Amino acid sequence: MSRISEITRESWIMSTFPEWGTWLNEEIEETKVESGTVAMWWLGCTGVWFKTPAGCNFTIDLWCGNGKRTHGNGKMAVGHQMANMSGVRKMQPNLRAVPFVLDPFAVKQVDAVLATHYHQDHMSAEYAAHVINSNMTTNDEKGNEVPVPFIGPKKSVELWQKWGVPADRCRIVKPGDRIKMKDVEIVVLDSFDRTCLVTTDDTSENREELTGICPTDMDDKAVNYLIKTPGGNIYHSGDSHYSIYFAKHGKDHDIDVAFGSYGENPVGISDKMTSCDILRMAEALRCNVVIPIHYDVWTNFMADPAEIEVLYNMKKDRLDYKFHPFFWEVGGKYVYPTDKDKKHYHHPRGFEDCFENPQNIPFRSCL
C-alpha cells in the first residue's frame, strides 16, 4: 500500500499535533536547576511552568484549548464577558495564534496545578484529566505523599469540580493565603482583572443582571500570585488590568520578575494592559525585570512588544527606571537570576558542533 493511500485526516492530526510533540516535556524533565536559581518556561497565553533546585515543578494557567474554529452562526453568546462589557453580538475572531508547545498528557511529574482565574484560556480540562487519571502524587509540607493539589480562587475550583476533579484535591485560595511546597512559598495577592467582574456564570439571555450592582466577588473570581523561590520572587498578575494598587504590592513584597498581560485592545474593549500600563506596572511593583505575556495567543488581540521597548527607551533615563523589559518567546526557557540582564529571547540556534566531524562535500569551495 502506498503512503498516499494510508494517509487520513486522523493520521495527519496524530502525526503533527501537538506541534512540538514532547520536545519541551523532555527539556523540562532533563533540566537541572542550579542552586540559587529558578527556571521558567512560557507555555503560551499566561501559562508558565516553574522548576526549582529542589525539583518543585508546578504550573500556573496552563491551557490546552482553542479559540474559534468555525464561523458558526457568527454570533457571540449574549452573556460572554466581552458582550457584557460592550454589548457586542458579532462573534469575536479570536483564533489561537501560537502552537501547542507542551503535551499535557506526557507530563510525568508536577507538584501543583494553579490557576489565576476561571476564564477558558487559563485552565485546562485535558491537563486536569491527565493529572487525576495518572494518580500523580507529591509531598506536603510535612513530607507526606499526597495527591497533586489544584489551587485557585473559588470560581476556578468550582470549574475544576464541574469537570470532575474531586473536591478533596482542590484548595480555594484568596488574597493573604500562603502555600508552601518543597523550596517554594506562594503568596496569594489581589487581582485587578476587571473583565472577571463582568463575567457571569450564565452566558444565556438569562444571565445575571450586573447593572447598578457593586461587585464584591473579585477575590472569588481571580487572584495574583507571588512565587518565592530560591532564585528570586516572581509576580504573576494573571489577566490583571493596570491598578494603582500594584504600588502597594511593590511596597509590601520584594519582586524580582513580574509578568503582565499585554495586548492590543480592539475598539470598544479594555481587556489587556497597554504598553504604557506594562511599564507603569513594573515601576509600581519595583521589580527588576518585567515580562509581557498573553499578547501572543489571540489573533484579534495580538500586539507588538517592540512598542514596549520603544517607550521604555524613551522614558528609562528621564524617569530613572530601575527595571528593564525582557521579551520572551513561547516555549522558551528563562532562568533567574542567570538571565537577569538579557533583553530578548531567541530559541537555541543549534549547530554548535559544526566542523567537529568529517564533512561530506565535493570541494571546500562549495562553502
Side-chain angles (χ1 to χ4, degrees), residues 44-47 61-97 115-129 150 152-165 167 170 172-174 190-224 237-243 261-274 294-295 297-302:
C45 197
T46 65
D61 287 2
L62 170 56
W63 167 64
C64 308
N66 302 102
K68 298 298 183 291
R69 301 182 64 188
T70 173
H71 285 271
N73 65 0
K75 301 294 183 181
M76 181 181 291
V78 175
H80 186 278
Q81 57 265 24
M82 301 297 181
N84 290 339
M85 181 184 296
S86 65
V88 296
R89 292 294 179 266
K90 186 177 179 180
M91 182 183 290
Q92 63 159 327
N94 61 323
L95 287 80
R96 184 181 173 116
T116 59
H117 64 293
Y118 65 121
H119 283 159
Q120 75 157 80
D121 50 344
H122 299 264
M123 295 177 64
S124 168
E126 298 81 7
Y127 181 43
F150 290 72
K154 180 182 177 182
K155 290 292 186 180
S156 292
V157 167
E158 289 176 353
L159 183 55
W160 275 320
Q161 291 181 11
K162 181 179 179 181
W163 289 340
V165 176
C170 297
I172 296 175
V173 292
K174 60 185 183 304
D190 315 83
S191 169
F192 312 114
D193 183 355
R194 292 186 283 277
T195 302
C196 253
L197 290 180
V198 298
T199 300
T200 52
D201 292 338
D202 191 337
T203 58
S204 72
E205 294 280 1
N206 298 318
R207 69 193 186 283
E208 176 188 357
E209 181 56 56
L210 301 177
T211 304
I213 299 175
C214 181
T216 59
D217 58 352
M218 176 67 93
D219 293 347
D220 292 338
K221 291 184 169 183
V223 296
N224 290 355
S237 65
D239 266 0
S240 287
H241 298 76
Y242 181 75
S243 170
S261 284
Y262 167 57
E264 192 69 62
N265 294 300
V267 173
I269 296 295
S270 181
D271 187 54
K272 299 290 175 282
M273 282 192 277
T274 67
H294 210 319
Y295 64 89
V297 69
W298 295 129
T299 52
N300 61 330
F301 277 86
M302 291 182 73

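Keep in mind the model is a prediction, meaning the values are calculated, not measured.
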Spatial distance of atom CH2 (W298) from atom SG (C45) [nearest 0.5 Å]: 7.0 Å
Could you grab the distance from atom OG1 of T46 to atom CH2 of W63, nearest 0.5 Å is fine? 10.0 Å
List in chain and number order the residues that pass salt bridge (charged side-chain N to carboxylate O under 4.0 Å, His left out) with E158, two or more places apart in sequence or in another chain; answer none if no residue qualifies. K155
From W160 CH2 over to F150 CZ, what is the distance, rounded to the nearest 0.5 angstrom? 7.0 Å
For Q92 and N94, indicate whether the former's side chain and the latter's backbone hold a donor-acceptor pair under 3.5 Å. no
For residues 75-84, dump all side-chain donor-acceptor pairs below 3.5 Å to protein atoms at least two apart in sequence or in another chain.
unit_1: H80; atom_1: ND1; unit_2: M82; atom_2: N; d: 2.9
unit_1: N84; atom_1: OD1; unit_2: R207; atom_2: NE; d: 3.1
unit_1: N84; atom_1: ND2; unit_2: G79; atom_2: O; d: 3.1
unit_1: N84; atom_1: ND2; unit_2: V198; atom_2: O; d: 2.8

How long is the straight-line distance from CG of D121 back to CG of D239, given to the nearest 0.5 Å? 6.0 Å
Taking everything shown except K154 itself, do over 12 heavy atoms lie less than 6.0 Å from its NZ? no
Can you list everything that forms a salt bridge (charged side-chain N to carboxylate O under 4.0 Å, His left out) with D217? Sequence neighbours excluded, please. K221
What distance do Y242 atom OH and M273 atom CE have between them, rounded to the nearest 0.5 Å? 9.5 Å
Side-chain (D61) to main-chain (T116) donor-acceptor, under 3.5 angstrom: yes
Closer than 3.5 angstrom, by distance alone: can the side chain of N265 be matched with the main-chain N or O of S270 as a donor-acceptor pair? no
